[in-house]
Amino acid sequence: MDRHAQAFVYEPLPARVLFGAGRRADVAAEVARLGCSRPLIVTTPEQRAWSDEIAAAFDPASTGRFTDAAMHTPWHVTVRALDAVERARADCVIAIGGGSAIGLSKAIVLQTDLPQIVLPTTYAGSEVTPIIGETRDGEKRTQRTRKVLPQVVIYDVELTMTLPPAMSAASSFNAIAHAVEALYAADGNPITSLMAEEGIASLAGALPEVMRAPSSIDARRIAQYGAWLCGTCLGAVSMGLHHKICHVLGGSFDLPHAHTHAVMISHIAAYNADAAPVAMQRIARALNAPDAWTGLYELARGLNVPLSLEALGMPEDGVDRAIELITQNAYLNPRQPDPRALRVMLARAWRGERPVRIESVKT
Ligand code: NAD
């Protein structure tokens, strides 16, 4: 049944979004609009040059800098950043970078309640979600709280032009996976589904051109628009089996976050196919493909992202351990986790084989 005929709840998240080439020039005006004047600018070390440019828009005497953001928001980094907030007497945070810089900005805000302005430079989507993951004592804990939702997002396509093609492709699959799971989320709704379909179509349409011509500003702009929509889906509804599997594989085998999404999402679409036929039709339509899982697999192949868990460094005998963890506290998903079918699916994903629909496997 289509979602239009069902009951649903739709609760949009507040955000002011500025979109377009060169929009980072508006950052000082946005700080003033928030009634602030003493920003702390947060980045990863590699994005230091962007942070220099943003800082140039402010009085150096009232501007703090922190350029040591790191993947997975380690608590010891947050402690140092909080110290920088205090030393700068900051009254707002500006993050420029990917999910790592934005994760640190959210971690600061969680402790300080400061307003934040974020300028994303990848397609991960954290800038429009109320989600924060933090790593303490070797364990990553994720929570949803509106406290960490940025007040202002500035999508300036020029900030994405340097994202290498291979990283662009992997980051896009991270985004697409949010939209795929939003289309069959238990708490999904027609508006989020519209954004999901448009997000997948935009990214899938733009990425081949981004790979061919990384300096094409039009292709990059469409990809960034798609990433915004896909991130909005992640912020709005619950994620399912695919996200559980990616968290297990990332946490247990240290597989790279975005690449794991790229390998797994076509297999999960095939796994869920019979339980979520309307979602699959919409994904296929967005990809202009005969079916969702073939479309996702072919997109990954065309973008030259690794297609197997083996290529990402997962040991073959890790499959059984992964199944054990995946079936504990399973996320809501259209199809129940079936350990035997999951084993067949993960073995195929490990070898990089095409996704196939897997019936329940009988003993
Ligand atoms: P990232 O921020 O770690 O960036 C990856 C690498 O790309 C870094 O080395 C960075 O310096 C570099 N980089 C970033 N932008 C660049 C650019 N424009 N040009 C050249 N290099 C650039 O990675 P990510 O994939 O954006 O984010 C991953 C992290 O974000 C993970 O910790 C993930 O859990 C988290 N995340 C959180 C949410 C959320 O809603 N909370 C959503 C998605 C991802």
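Order of listing sets the numbers, starting from 1, for every ligand and every atom in it.
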Taking non-hydrogen atoms only, is Leu159 closer than 4.0 angstrom to ligand 1 via side chain, backbone, both or neither?
backbone
Considering the heavy atoms of Gly98, write down every atom of ligand 1 situated less than 4.0 Å from one of them.
2 (O), 26 (O)
How about Lys106 and Thr129: does a side-chain donor come under 3.5 Å of a side-chain acceptor?
yes
Could you list which atoms of ligand 1 come closer than 4.0 Å to a heavy atom of His72?
32 (O)
Under 4.0 Å, heavy-atom basis, I'd like to know which part of Thr129 is in contact with ligand 1: side chain, backbone, both or neither.
side chain
Specify the protein heavy atom at minimum distance from atom 43 (C) of ligand 1: its residue, its atom name, and the distance to 0.1 Å.
Ala124 O, 3.4 Å
Mind checking whether Met71 has an N or O less than 3.5 Å away from an N or O of ligand 1?
no
Report yes or no: does Gln116 contribute a side-chain atom to a donor-acceptor pair with the main-chain N or O of Val148 at less than 3.5 Å?
yes
Between ligand 1 and Lys106, can you find any atom pair, the residue atom being a heavy atom, that is separated by under 4.0 Å?
yes
Which residue and heavy atom of the protein sit nearest atom 15 (N) of ligand 1, plus the separation:
Thr121 OG1, 2.7 Å
Aromatic contact between His261 and His243, with the criterion being ring centroids under 6.0 Å apart: yes or no?
yes
Out of all atoms in ligand 1, which are within 4.0 Å of some heavy atom of Leu234? Include the element for each.
40 (O), 42 (C)
In this structure, atom 33 (C) of ligand 1 is nearest to the protein heavy atom His257 NE2, 3.9 Å
Specify whether the nearest protein heavy atom to atom 20 (C) of ligand 1 is under 4.0 angstrom away.
yes
Testing the 3.5 Å rule here: is there a donor-acceptor pair between the side chains of Arg38 and Thr63?
no
I'd like to check which ligand 1 atoms, numbered from 1 as shown, lie under 4.0 Å from a non-hydrogen atom of Gly99.
2 (O), 24 (P), 26 (O), 27 (O), 29 (C), 30 (O)
Just to confirm my output: which protein heavy-atom neighbour is closest to atom 3 (O) of ligand 1, and how far is it?
Ser100 OG, 2.5 Å
Protein heavy atom at shortest distance from atom 4 (O) of ligand 1
Thr122 CG2, 4.3 Å
Check for me whether Arg357 meets the cation-pi criterion with Tyr271, that is, NZ or CZ under 6.0 Å from the six-membered ring centre and within 45 degrees of the ring axis.
no
Say whether Ile131, considering both its backbone and side-chain N or O atoms, lies within less than 3.5 Å of an N or O atom on ligand 1.
yes
Output the list of atoms in ligand 1 that are nearer than 4.0 Å to some heavy atom of Glu46, sorted by atom number.
9 (O), 11 (O)
For the backbone of Trp75 and the side chain of Arg136, can you confirm whether one donor and one acceptor N or O come within less than 3.5 Å of each other?
no
Salt-bridge present (Asp156, Arg23; N to O < 4.0 Å)
no
Side chain, backbone, both or neither: Gln47 near ligand 1, heavy atoms under 4.0 Å:
side chain
So, Asn174 and Ser171: side-chain donor and acceptor under 3.5 Å apart, yes or no?
no
For ligand 1, note which part of Thr44 has a heavy atom under 4.0 Å away: side chain, backbone, both or neither.
side chain
Looking at Asp52 and Arg48, does any basic side-chain N land under 4.0 Å from a carboxylate oxygen?
no
Which residue holds the protein heavy atom closest to atom 17 (C) of ligand 1, what is that atom called, and what is the gap in Å?
Thr162 OG1, 3.5 Å
Only heavy atoms count here, so choose which of Ser168, Gly103, Ser126 is nearest to atom 37 (C) of ligand 1.
Ser126
Distance under 4.0 Å to a non-hydrogen atom of Met167: what atoms of ligand 1 satisfy this?
6 (C), 7 (O)
Can you check side chain to side chain contact (heavy atoms under 4.5 Å, CB included) on Met314 and Trp350, steps first, answer last?
CA-CA 8 Å; Met314 179 170 166; Trp350 188 83; 4.2 Å; yes
Can you tell me which portion of Lys140 lies within the under-4.0 Å heavy-atom range of ligand 1? Options are side chain, backbone, both, or neither.
side chain
Ion pair present between Glu197 and Arg285, side-chain N to carboxylate O less than 4.0 angstrom?
yes
Which class fits the ring pair His257 and His247: parallel under 30°, tilted 30 to 60°, perpendicular over 60°?
parallel
I'd like to know if the side chain of Arg220 pairs up with that of Ser168 as donor and acceptor (distance under 3.5 Å, no hydrogens or angles considered).
yes
